[in-house]
Structures are given as C-alpha cells and as structure tokens.
Amino acid sequence: MTLEGRLVDWFRSNRRDLPWRRQRTPYTTWVSEIMLQQTTVDVVVPRFVAFLRRFPDIQSLASAEEEDVVAAWSGLGYYRRARGLRLGARAVVERFGGTIPSDEKDLLSLPGVGPYTAAAIRSLAFDQPAPAIDGNVARVAARLFADDGDVGKAGTRRRLRERLVPHVPEGGAAAFSEALIELGALVCRPKSARCDACPVADLCAARLTGRVATLPVRQPPRRSRPVLSARAWVERGCRVLLVQRPADASLLPGFLELPGRWGPAGENPPDVVREVLENLGFDDVRTYEPVAEARHAITHHRIRSVAVRADVVGAAPGGCRFVPWDEVDLERVTTETRKLLRSREASV
DNA sequence: GACGCGTGGCC
DNA sequence: TGGCCAAGCGT
C-alpha cells in the first residue's frame with residue numbers, strides 16, 4: 001500500500017477522541033489550532049471546552065471584550081494568541097461577512113495565523129491539499145525523507161512540505177494532514193521513536209539508514225538563567241496590595257500581580273521589596289519575613305519567587321490598589337502571583 | 001534570522 | 001532539580 005494509504009488507515013484506528021475532532025468546523029479548528037501552538041494537548045482539552053462554552057461562535061468572540069477573552073485564556077500562556085484570536089474574529093466579521101476564509105492569503109492576513117495554522121485550517125476544515133507542518137510533522141517528515149536540514153528554519157519546512165504534497169490523497173487531505181500530526185504525537189516521538197508501532201517504518205529513510213536517533217536536526221535551545229522575583233505581601237484588613245502591569249508591557253500586559261521585580265539570584269528580597277514599595281510612592285515601608293515562596297519558569301528564565309510581608313503608610317498611589325481577598329480574580333492575576341497566593345493559603 | 005513570548009508535565 | 005519539550009507567530 002502507498003505511504004499515504006497506510007498513514008490514513010493507521011490514523012483511522014488510532015486517532016484520539018479530542019473535542020475539536022468531534023465537532024470539526026472552521027471555527028473549532030481555528031480556536032484549537034491557536035490554543036495548541038506550543039501547548040500540550042492535555043492542557044488544551046479542558047480550556048478548549050470551556051472557551052467554546054464561553055464563545056460558542058465567531059460572532060460571540062468578535063463582540064467580546066478583550067479582557068474577557070484574555071481571562072478565558074488564563075493559564076494557557078502566550079496571551080498575544082488570545083488577543084489575536086479576538087481581533088481575527090472581528091476581521092472575519094468585518095472583511096469576510098462572518099465566514100472564516102479558506103484561501104491561504106486571506107487566512108495569513110488574520111492576526112496570529114501563520115504558515116502552520118493557515119495550512120491546518122485549509123486541510124483540516126476545508127480538505128485542501130495543504131499539509132500542516134508543525135513540530136510533529138517536521139520531525140516525521142525529516143525522518144521519513146532523511147532530511148538533515150534544521151527543522152527550525154522556514155526553508156527546511158518548505159522543502160518538507162513540497163515533499164509531502166504529492167502524497168496528499170484525492171479527497172483525503174484532512175485525514176492525511178492530521179494523520180501526520182498524530183503519528184508524530186503518538187509514535188514518532190523526539191526521544192523514543194516507536195518504530196515497531198509505525199505504519200510506514202519500512203518506507204522511512206532514517207530508519208533504513210540508522211539515523212532515527214539523530215534526526216531531525218535542530219539548533220540547541222538557549223540556556224535558561226536563574227532569576228529572583230521579590231514580591232511585596234502587604235495586607236490591610238481583608239485586602240491585599242496588587243499592581244496592574246502596564247498595558248504596553250511585552251510580558252503579561254494588563255495582568256495584576258503582587259508588587260515587585262525580577263533581579264539577580266543573589267539579591268536580598270526584603271531590600272528589593274522596600275525599594276519597590278518606595279518607588280511606588282509609599283512612605284514608612286517596613287518589611288518582615290518571607291511568607292510565601294514559589295517556583296515558576298518563563299522562557300529562558302528559572303524564577304524563584306519570594307513574597308515578603310510588609311507594612312506601608314498612606315493610601316495606595318496610582319497604579320496599585322488594595323483588593324479585598326474575595327474579589328481577587330485569579331484569572332486576571334499572573335501565574336507567578338497566583339502560585340504565591342496559593343502557597344500562602346496552603347501554609348495557613 | 002534571532003529573539004521574545006507562558007505554562008505545565010515529564011524524567 | 002533543571003533541562004527539555006509542546007499542534008508557532010510577530011518583529
């Protein structure tokens with residue numbers, strides 16, 4: 001049987017039951033593909049279901065407030081994706097009469113839709129012969145064709161796509177595209193390729209030349225650096241002091257957090273907290289002992305967060321405010337601060 | 001083309 | 001634990 005025939009057959013009997021496969025529409029495809037960018041399936045599944053409940057169609061998403069869409073994205077990371085999705089929905093309503101386009105150029109004109117997502121929507125939702133090359137498929141194809149180009153480079157991905165396109169079966173573009181993704185996710189794994197379970201192992205050039213373990217080629221990732229994040233824990237009655245990150249911050253714009261800043265690992269948290277509170281405009285800052293600690297990671301940074309209890313005199317200056325505990329909206333708080341709040345809660 | 005952008009899980 | 005990874009995109 002042909003390569004494509006075996007892949008599609010394998011997919012038919014091995015495909016996972018995932019919510020976006022149950023109701024395959026351009027909208028569900030779009031939302032799920034954006035959520036799945038750099039994000040694992042297990043994390044996405046519950047968030048996808050909740051998001052679809054909250055924004056069941058493109059009109060509801062287009063008319064939603066940005067902060068509500070971002071809140072629905074809470075914990076998924078890469079929040080630009082949420083803002084792009086909402087802007088994209090508005091663009092679809094305004095420019096395409098509310099119908100998600102199937103044309104590649106039209107799709108690429110939507111914010112957050114790049115080569116992968118455009119191909120995914122075209123193939124999965126419209127059955128067009130556009131194999132979607134994500135990390136999984138790049139790995140599968142690099143091994144299948146024994147291509148030793150850097151799969152992180154656009155040129156390599158283009159070449160792999162051109163090698164795959166001739167295999168797209170007539171009337172089976174969606175199954176072919178998704179089968180490649182699924183094979184990469186379930187069988188042709190980065191570390192342990194389960195070639196014994198692979199339907200195309202005997203056609204795989206990497207397998208035939210003993211290079212499965214060394215393909216695909218990719219640039220080594222950058223090293224992560226340790227960071228100390230010192231946070232102020234200021235309570236007043238049943239309220240806690242929070243600041244809102246600037247709307248134009250590149251990292252987590254608009255999110256609420258405990259006042260503080262990142263710094264080198266050697267800094268003294270109480271000193272940093274004092275400095276931060278004084279810079280906010282508070283007088284008579286007193287710091288006490290650390291009350292919560294958490295570990296977090298943001299691309300290339302390993303963060304050790306320490307919350308230091310402090311007292312201040314005077315009203316909250318602009319940009320920060322005392323929020324009643326029962327009104328702290330965890331969906332609008334950074335994950336780092338959420339971890340600190342939870343850690344404190346757990347130890348009380 | 002390199003870098004910034006989040007997070008959770010796994011070993 | 002730290003490194004590595006996961007259905008990328010925008011600049």
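Atom set for the values below is all heavy atoms of this structure, side chains included, hydrogens, waters and symmetry mates excluded. What you are looking at is a predicted structure, and each value in this text was computed from that prediction instead of being measured.
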Rounded to whole angstroms, how far apart are [atom1] on [X] and [atom2] on [N]?
| X | N | atom1 | atom2 | answer |
| --- | --- | --- | --- | --- |
| A:L85 | C:dC9 | CG | C1' | 13 Å |
| A:R304 | C:dT1 | CZ | C1' | 14 Å |
| A:E33 | C:dG8 | CD | C1' | 11 Å |
| A:L108 | C:dC9 | CG | C1' | 11 Å |
| A:I181 | C:dG8 | CD1 | C1' | 13 Å |
| A:R225 | B:dC3 | CZ | C1' | 15 Å |
| A:L36 | B:dG6 | CG | P | 18 Å |

Phosphate oxygens OP1/OP2 of [N]: is one of them under 4.0 Å from a side-chain N or O of [X]?
| X | N | value |
| --- | --- | --- |
| A:S250 | B:dC5 | yes |
| A:R189 | C:dC5 | no |
| A:R222 | B:dG4 | yes |
| A:R302 | C:dT1 | no |

Answer yes or no: is there an ion pair linking [X] with [Y], defined by an N-O contact shorter than 4.0 Å?
| X | Y | result |
| --- | --- | --- |
| A:R274 | A:D271 | no |
| A:R261 | A:E267 | yes |
| A:R54 | A:E331 | yes |

Considering every strand and a 4.0 Å limit on heavy-atom distances, what is the contact class for [X]: base, sugar-phosphate, or nothing?
| X | result |
| --- | --- |
| A:R245 | nothing |
| A:I133 | nothing |
| A:V44 | nothing |

(request) With the side chain of A:R80 defined as its heavy atoms from C-beta on, choose the nearest nucleotide among B:dA2, C:dA6, B:dC5. (result) B:dC5

Check nucleotides 7-11 of chain B for protein N or O atoms closer than 3.5 Å to its own N or O atoms and list the pairs.
from: B:dT7; atom 1: OP1; to: A:Y79; atom 2: OH; distance (Å): 3.0
from: B:dT7; atom 1: OP1; to: A:T335; atom 2: OG1; distance (Å): 2.7
from: B:dT7; atom 1: OP2; to: A:H296; atom 2: NE2; distance (Å): 2.9
from: B:dT7; atom 1: O3'; to: A:G75; atom 2: O; distance (Å): 3.4

(message) Checking side-chain polar atoms at under 3.5 Å, does A:W325 have a donor or acceptor matched by the opposite partner on A:E235?
(response) yes

(message) Just by distance, no angles: are the side chains of A:S224 and A:R222 close enough, under 3.5 Å, to form a donor-acceptor pair?
(response) no

For [X], which residues count as a ring pair (Phe, Tyr, Trp, His ring centres under 6.0 Å) partner, sequence neighbours excluded?
| X | result |
| --- | --- |
| A:W20 | A:F48 |
| A:F126 | none |
| A:F282 | none |

(message) Just to be sure I understand the geometry, which residues of residues 115-132 of chain A put a non-hydrogen atom under 4.0 Å away from DNA chain C?
(response) A:P115, A:Y116, A:T117

(message) Can you work out whether A:P111 or A:W20 has the more 5'-proximal nearest nucleotide on DNA chain C?
(response) A:W20

(request) Taking side-chain hydrogen bond (donor to acceptor under 3.5 Å, both in side chains) as the test, write out the residues that go with A:R21, two or more places apart. (result) A:E178, A:E182

(request) Kindly state whether the ring of A:F176 and the ring of A:F11 have centres lying under 6.0 angstrom apart. (result) no

(request) Report the residue (A:H301 or A:G155) whose heavy-atom-nearest nucleotide on DNA chain B is the more 5′ of the two. (result) A:G155

